Amino acid sequence: MARIAGVNIPTGKRVPIALQYIHGIGPQVADTICTALKIDPARRVNDLADAEVLAIREYIDANFTVEGDLRREVTMNIKRLMDLGCYRGLRHRKGLPVRGQRTHTNARTRKGPAKPIAGKKK
């Protein structure tokens, strides 16, 4: 198993797909990494030499914010909005949708399961 950025990436998968197991690396960034390091996207992780894995690890550390650092940064950004008391921060605090979605119906992911209202019968 190759370990990059504190994550064990799967060995049987192609390199761009396996890199996406790292939080903060999506399809486009994975392709960018492969082209920058001249690694064939069709190759599997278990076919990579140790030097190539090391090169990937160093390239990611030098150019991208991933895993724990990225999670910490996002959390701090949300906390900053909440401390400021701006509209987005209040929405985060209340657990409601932040980006203008309707809440009269839907929004169940943010609001949680529907709570029954006492005495409401037809």
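Everything quoted here is computed from the prediction, not taken from an experiment. Starting from 1, each residue takes its place in the sequence as its number.
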So among I33, L48, L19, which one has a side-chain contact (heavy atoms from CB on, under 4.5 Å) with I39? L48
Look at the side chain of [X] and the backbone N and O of [Y], then say whether any donor-acceptor pair between them is shorter than 3.5 Å.
X	Y	answer
R57	I4	no
R43	D47	yes
R14	P41	yes

Distance in Å, [X] [atom1] paired with [Y] [atom2], rounded so as to fall on 0.5 Å steps:
X	Y	atom1	atom2	result
R93	R88	CZ	CZ	14.0 Å
T103	R91	OG1	CZ	6.0 Å
I25	Q20	CD1	CD	9.0 Å
N63	E58	CG	CD	11.0 Å
L84	L90	CG	CG	10.0 Å

Side-chain heavy atoms nearer than 4.5 Å, only ILVMFWY residues, links allowed to pass through others: does that put [X] and [Y] together?
X	Y	result
V74	V98	no
L37	V15	yes
I17	F64	no

Would you say [X] and [Y] make side-chain contact, with heavy atoms under 4.5 Å?
X	Y	result
L81	N77	no
L96	K111	yes
Q101	N106	no
H92	R110	yes

Do you know the tightest heavy-atom contact between [X] and [Y]?
X	Y	answer
V7	E67	CG2-OE2, 3.3 Å
A18	I9	O-CG2, 3.5 Å
A2	V45	CB-CG1, 3.9 Å
L70	G24	CD2-CA, 3.5 Å
P16	A30	O-CB, 3.4 Å

Test salt bridge (Lys or Arg N to Asp or Glu O under 4.0 Å) on R72 and D69 and set out the steps. CA-CA 5 Å; R72 195 174 308 108; D69 295 336; 2.9 Å; yes
Does atom CG of D50 have more than 12 heavy-atom neighbours from other groups under 6.0 Å away? no
